[in-house]
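Here is the naming used below: chain letters follow the sequence lines, and residue numbers restart at 1 for every chain.
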Amino acid sequence: MKAGVIVFPGSNCDRDVQVALARSLGREPEMIWHREAELPKLDLIVVPGGFSYGDYLRCGAMAAHSPVMREVVARARAGTRVLAICNGFQVVTEAGLLPGVLMTNASLSFICRDVDLRVENAGSAFTSRYATGQVVRMPIAHHGGNYFTDDDTLARIEGGGQVAFRYCAPDGTLREDANPNGSCNAIAGIFNEARTVLGMMPHPERLADPALGGTDGRAMFDGLVEALS
Amino acid sequence: MNEQAITPEIVKSHGLTPEEYQTVIEIMGREPNLTELGIFSVMWSEHCSYKSSKKWLRRLPTTGPRVIHGPGENAGAVDIGDGQAAIFKMESHNHPSFIEPYQGAATGVGGILRDVFTMGARPIANMNALRFGAPEDAKTRHLVSGVVAGIGGYGNCVGVPTVGGECTFHASYNGNNLVNAMTVGLVETNKIFLSSASGIGNLVVYVGSKTGRDGIHGATMASAEFDEDSEAKRPTVQVGDPFTEKLLIEACLKLMETDVIIAIQDMGAAGLTSSSFEMASKGGTGIEMDLSAVPVRETGMTPYEIMLSESQERMLMVIAPEREAEARAVFEKWELDFSVVGTVTDTGRMRLVMNGETAADLPIAPLVAAAPELDRPHEPPPPPAAFDEATLNAPDSVMAALTTLMASPDLCSKRWIWEQYDHMVMADTVQRPGGDAAVVRIHGTNKGLAITTDCTPRYCTADPETGGAQAVAETWRNLTATGAAPLAITDCLNFGNPERAEVMGQFVGCIEGIRKACEALDYPVVSGNVSFYNETNGRAVQPTPGIGGIGLIDDIAGMASPAFKRAGEALLLIGESAGHLGASLYLREIEGREAGAPPPVDLAMERRNGDFVRTLIADARVTACHDVSDGGLLVAVAEMALATLNGDEPIGAEVSLPENGLAPHCWLFGEDQGRYLVTARMDDVEAILADAEAAGVAALRIGTTGDASLTLTGADTISLAELGAAHDGWLSSYMAGA
Amino acid sequence: MKARVHITLRDGVLDPQGKTIAQALGSLGFSGVNDVRQGKFIELDIEAASAAAARAEVERMCSQLLANTVIENYQIEIES
Amino acid sequence: MKARVHITLRDGVLDPQGKTIAQALGSLGFSGVNDVRQGKFIELDIEAASAAAARAEVERMCSQLLANTVIENYQIEIES
Ligand SMILES: Nc1ncnc2c1ncn2[C@@H]1O[C@H](COP(=O)(O)OP(=O)(O)O)[C@@H](O)[C@H]1O
Ligand SMILES: [Mg+2]
């Protein structure tokens with residue numbers, strides 16, 4: 001499998017996801033600067049977290065118009081897997097690759113902590129190492145992770161099995177106080193229709209190493225390597 | 001543009017005394033013009049010249065086998081083995097954060113980051129030490145909210161984890177909150193960059209953001225106390241641009257992989273003035289700059305404004321002319337301004353030109369050498385109100401007193417703060433906020449750096465020397481509690497108006513305490529910062545010499561943390577207890593009194609106890625470790641128990657009173673120094689106690705870990721859930737306005 | 001030429017900032033606040049041959065970058 | 001009663017967002033963007049006896065909460 005990580009000015013989880021991928025893959029992914037208008041052949045494109053363009057104007061808005069994003073969208077439409085984490089999720093929604101938008105957290109504050117997530121659909125290259133209904137733990141660290149979309153789109157996402165993760169209580173139940181940012185239907189991550197693109201606010205790369213306090217995130221990278229090799 | 005006549009009023013408004021102005025004229029051999037006067041004024045301000053503190057700072061021990069660069073560089077550098085060094089420093093942004101909490105705190109973080117990456121280091125951790133006024137004060141909530149959001153807003157965006165800090169409240173900070181920010185960076189020892197401009201004919205290059213009229217005279221503002229109309233005299237507040245800072249970090253570190261940069265210096269307080277003078281003065285050279293080449297944001301900026309602007313996210317560097325294209329390409333890739341603004345000369349003078357005309361021409365060495373050094377009068381502050389433990393009654397309920405303490409503003413959980421900071425980015429935070437020291441793994445290795453900041457201002461108020469020593473000892477203890485070998489400290493000395501002998505007396509006393517502790521613990525000072533004039537209408541802050549310490553962990557697999565690990569283990573107290581309640585939190589929070597001397601700090605015992613504990617950790621003979629500080633023994637036990645609430649299974653403890661003749665509340669809440677709590681497997685207890693005795697270290701088994709509650713044998717009990725809710729709830733409900 | 005752009009949330013889109021401001025105003029003692037909506041106000045200084053050309057240009061800026069039309073409306077004024 | 005408030009950065013105060021937007025517009029091919037400043041636009045619906053009373057009330061809201069007068073200016077319009 002060949003993996004590439006897109007780097008925008010202001011990306012800051014690019015190295016973290018590089019390390020996590022290398023751990024599962026056994027070799028370093030390629031780091032791709034946002035000005036590249038052409039991409040090498042890749043099986044997985046990662047749009048990492050951070051504050052592209054400072055998150056000024058709207059989170060992800062300016063990065064969505066980087067030269068490289070046209071190519072990422074084209075590849076995604078052709079079936080290349082795209083994993084968009086945190087700011088990456090904001091970028092791909094702004095670029096129209098996934099429906100909806102990520103608005104400011106309901107608390108209006110930045111939130112950094114571990115959250116419990118319920119895996120809603122294990123039927124994808126990203127989630128194959130999880131079981132549907134399993135509760136996993138990953139950190140969030142964002143100011144704008146409040147997922148919003150109109151009712152019709154929401155119904156379509158829900159009906160099409162496009163919800164990947166939901167914020168939940170440790171026992172897997174959905175509770176208002178387990179939804180850290182006000183996302184509609186407690187959505188933490190969604191797929192495109194074909195489940196080849198995943199956007200998610202939590203950071204799997206931050207709990208993929210026992211020294212950091214957990215390894216639930218690692219299964220995502222291991223699963224991708226298995227599915228795409 | 002410089003034609004304005006220099007009147008005594010203008011001299012005065014620049015904070016120079018008539019005598020100082022006379023020296024200016026002697027150095028210049030003529031009257032200065034306004035730009036030149038402005039330059040003298042900032043260079044000789046308290047903030048830049050350390051005129052009140054220099055004499056005393058010289059007393060601090062600053063060398064040691066691991067010290068690569070001590071005070072005098074942008075930040076301290078300490079050898080951590082394997083060809084790497086840790087670069088770190090702490091700095092205050094108190095005054096700006098009071099005027100505009102968000103931007104003031106944010107730009108404080110930006111400034112300290114620049115001090116560290118200027119030296120070639122990648123910043124790997126931020127810390128923040130915060131002191132606010134009384135919670136009841138009308139402004140406090142607004143200040144907390146703005147400062148925390150500002151620190152997060154900046155640090156989160158640049159992608160450096162904020163891994164810990166302090167946050168306490170006291171009425172003495174009502175008009176003067178303290179915001180101290182610390183950055184730790186990592187560099188290859190043979191790739192450390194310094195700021196000495198050398199090589200006649202080399203280019204002086206300006207990179208980063210454009211210059212605006214920001215904060216003109218910020219440095220002189222930080223050198224004067226607030227009065228009623230300070231709010232009206234505000235200079236233009238500096239706004240931070242963390243996105244540009246992130247680009248600047250990446251561009252500078254990229255260029256630093258080559259040997260293009262000869263010298264580099266961030267533009268901090270007093271901007272272009274202090275950076276250019278510092279570079280030329282260190283190199284023993286001169287600089288000629290064309291101010292028309294400085295990238296500006298506004299039209300019509302004068303030389304005076306350009307030289308004194310404190311716009312953020314700017315750096316000055318010296319490169320060889322033939323490397324210009326290479327350097328420019330890097331900054332252009334990151335879309336940052338890059339402008340050749342001058343050359344290094346052999347004249348020993350700073351010559352500034354604008355639009356072809358000389359705007360200023362000053363001799364560098366005489367100006368720097370003549371920077372005032374004062375020996376201000378100092379007198380020991382009055383002793384604290386007398387206090388005798390024997391006069392105190394026992395509390396009705398120990399657990400109720402504990403709950404009150406745990407829910408008090410100073411001891412409550414600061415989770416509301418650290419959750420607004422990205423403390424995990426860079427994926428090396430192996431001990432998150434909430435423990436003793438934070439631990440950050442050295443990327444790509446199994447080594448770790450333990451980092452902490454500490455100071456107990458109420459001790460410094462009661463007895464400055466003991467307080468100074470205690471602050472150093474507490475950092476040393478917090479590092480030790482993780483298993484780290486303490487390496488060195490940075491300091492951030494926050495005091496009132498040094499023109500008052502009492503304040504100077506506090507300063508001198510604290511320095512003396514810091515000196516003694518550093519010497520006794522072989523724990524040198526490698527960088528620091530002084531902030532005076534934290535005073536409003538004659539009311540000074542409590543003396544607050546913040547200390548930031550770092551320590552090295554050889555293998556993070558063997559580090560210790562405060563959380564209990566298993567039920568049924570022995571709880572041991574290391575160190576001697578005298579039941580000292582003077583200047584304690586118990587006395588303040590439960591009895592409503594601020595009285596008494598602080599607990600004595602016995603540095604020899606401190607060292608003995610710490611070395612013993614560190615060996616226990618290294619030998620994997622203890623399963624958890626926590627130092628005993630604010631609030632005393634029972635608070636420390638409670639903190640070890642509450643730390644388990646984040647994990648799978650809550651673990652509490654039962655503690656029994658020893659027969660040592662102390663009143664129970666004195667033993668349980670006394671703040672005697674040099675103590676640690678550890679847990680150990682039952683089988684190991686006897687041997688540990690025997691080894692302690694052999695090492696001359698007091699050790700006592702005080703209890704056993706157990707179910708999800710805290711119990712004092714034969715007395716009270718409380719569930720961890722109840723105690724945890726009280727501990728966790730205070731700050732968030734306070735901030736919600738409840 | 002100067003252009004002023006107002007970017008506002010579409011009706012029906014939740015406005016967490018507006019909601020929080022309304023609550024904060026309430027707790028400061030301002031009674032009678034029925035609703036608060038927060039939007040953006042962007043002022044541009046651009047080169048353009050005419051007001052019409054400027055409007056067309058700013059229109060394109062809005063639809064391409066300045067506004068997210070999934071949730072936001074925009075309104076352009078050109079000052080001459 | 002409806003009130004509209006424009007909150008803008010004071011002259012001379014750095015506007016990192018505006019600066020970055022201007023650069024982004026440039027790289028999207030919009031040439032001739034001299035300057036961009038980003039501010040806030042707040043719409044309020046409040047109870048008030050008269051336009052003058054509404055203005056006085058919103059004035060107080062601005063100075064107490066809505067604007068940060070250290071770095072921002074505000075301007076109020078009341079629609080009747
Ligand atoms: N402003 C802050 N930012 C981040 N973490 C903080 C802050 N204030 C306190 N903490 C964290 O809360 C914990 C307890 O702080 P403190 O009581 O000062 O510790 P100690 O008594 O061990 O010095 C520490 O882990 C510290 O890093
Ligand atoms: Mg501690």
Side-chain angles (χ1 to χ4, degrees), chain A residues 7-23 33-35 48-57 59 62-63 85-87 105 107-115 137-144 170 180 202-214 217, chain B residues 122 145 148-149 151-163 240-247 249-251 333-336 415-434 439 441 443-446 448 555-557 559 561 646-648 732 735-736:
Chain A
V7 184
F8 298 106
S11 293
N12 63 32
C13 303
D14 43 331
R15 188 188 78 177
D16 303 354
V17 80
Q18 177 185 20
V19 169
L21 271 170
R23 198 181 288 116
W33 182 239
H34 77 119
R35 288 214 172 272
F51 285 68
S52 57
Y53 294 92
D55 273 358
Y56 299 155
L57 187 63
C59 302
M62 291 188 249
I85 303 168
C86 196
N87 191 234
N105 294 346
S107 66
L108 303 192
S109 304
F110 188 93
I111 307 171
C112 178
R113 65 172 146 96
D114 289 350
V115 294
R137 182 155 262 248
M138 290 182 201
I140 54 167
H142 60 246
H143 198 271
H203 287 272
E205 79 280 14
R206 291 191 183 185
L207 273 185
D209 174 356
L212 298 175
Chain B
R122 177 168 288 281
S145 141
V148 170
I151 291 172
Y154 207 98
N156 299 345
C157 183
V158 296
V160 176
T162 302
V163 296
D241 180 358
F243 172 56
T244 296
E245 179 101 337
K246 168 72 176 165
L247 304 184
I249 295 176
E250 298 305 330
K333 170 180 166 178
W334 292 97
E335 298 182 33
L336 293 164
R415 185 175 60 86
W416 183 89
I417 296 178
W418 76 64
E419 282 191 353
Q420 294 186 55
Y421 302 153
D422 190 339
H423 48 270
M424 303 182 216
V425 64
M426 298 185 88
D428 282 312
T429 307
V430 294
Q431 273 198 45
R432 298 180 184 180
V439 179
R441 177 171 56 188
H443 194 66
T445 74
N446 289 324
D555 184 356
I556 52 168
M559 72 186 174
S561 67
N646 302 324
D648 298 332
S732 51
M735 291 309 297

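When every heavy atom of A:Gly54 is checked against every heavy atom of B:Cys157, the shortest pair comes out as CA-SG, 3.9 Å. Taking each heavy atom of A:Pro180 and A:Ile111 in turn, the nearest pair found is O-CD1, 3.1 Å. A:Met138 and A:Gly217 get closest at one heavy-atom pair: CE-CA, 4.2 Å.
With hydrogens and angles ignored, the 3.5 Å screen pairs no side-chain donor or acceptor of B:Asp422 with any backbone N or O of B:Pro161. With hydrogens and angles ignored, the 3.5 Å screen pairs a side-chain donor or acceptor of B:Asp555 with a backbone N or O of B:Ala557. Judged by distance alone, the side chain of A:Asp16 and the main-chain N or O of B:Val425 form no donor-acceptor pair under 3.5 Å. Without hydrogens or angle criteria, B:His423 side chain to B:Trp418 main chain gives a donor-acceptor distance under 3.5 Å.
For a residue to count as touching a neighbouring chain, one of its non-hydrogen atoms must lie under 4.5 Å from one of that chain's; by this rule A:Asp55 does not touch chain B. For B:Gln431, no part lies under 4.5 angstrom from a heavy atom of chain A. For A:Arg206, the part lying under 4.5 angstrom from a heavy atom of chain B is the side chain only. B:Val158 touches chain A through its backbone: at least one of N, CA, C or O sits under 4.5 Å from a heavy atom, while the side chain does not. With a threshold of 4.5 angstrom between heavy atoms, A:Tyr53 approaches chain B through its backbone and through its side chain. Only the backbone of A:Ser11 comes within less than 4.5 Å of a heavy atom of chain B; no side-chain atom from C-beta onward does. Heavy atoms of B:Asn446 lying under 4.5 Å from chain A are absent altogether.
Counting heavy-atom pairs closer than 4.5 Å to chain A, the top residue among B:Gln420, B:Glu250, B:Lys246 is B:Gln420. Ranked by heavy-atom pairs under 4.5 Å with chain A, the list B:Lys333, B:Glu419, B:Glu245 is led by B:Glu419. Comparing B:Ile556, B:Asp241, B:Thr244, B:Thr429 by heavy-atom pairs within less than 4.5 Å of chain A, the highest count is held by B:Asp241. With chain B as partner, the option from A:Ser109, A:Pro9, A:Pro210, A:Pro139 having the largest number of non-hydrogen pairs under 4.5 angstrom is A:Pro9. The most heavy-atom pairs under 4.5 Å with chain A, out of B:Glu335, B:Met424, B:Arg415, come from B:Met424. Of the listed residues (A:His143, A:Arg35, A:Glu205), the greatest number of heavy-atom pairs within a distance under 4.5 Å of chain B belongs to A:Arg35. Taking A:Asp14, A:Asp114, A:Asn87 one by one and counting their heavy-atom pairs under 4.5 Å with chain B, the maximum is reached by A:Asp114.
To the nearest 0.5 Å, atoms CD1 (B:Ile417) and OG (B:Ser732) are separated by 11.0 Å.
The closest side-chain heavy-atom distance from B:Val148 to B:Met735 is not below 4.5 Å.
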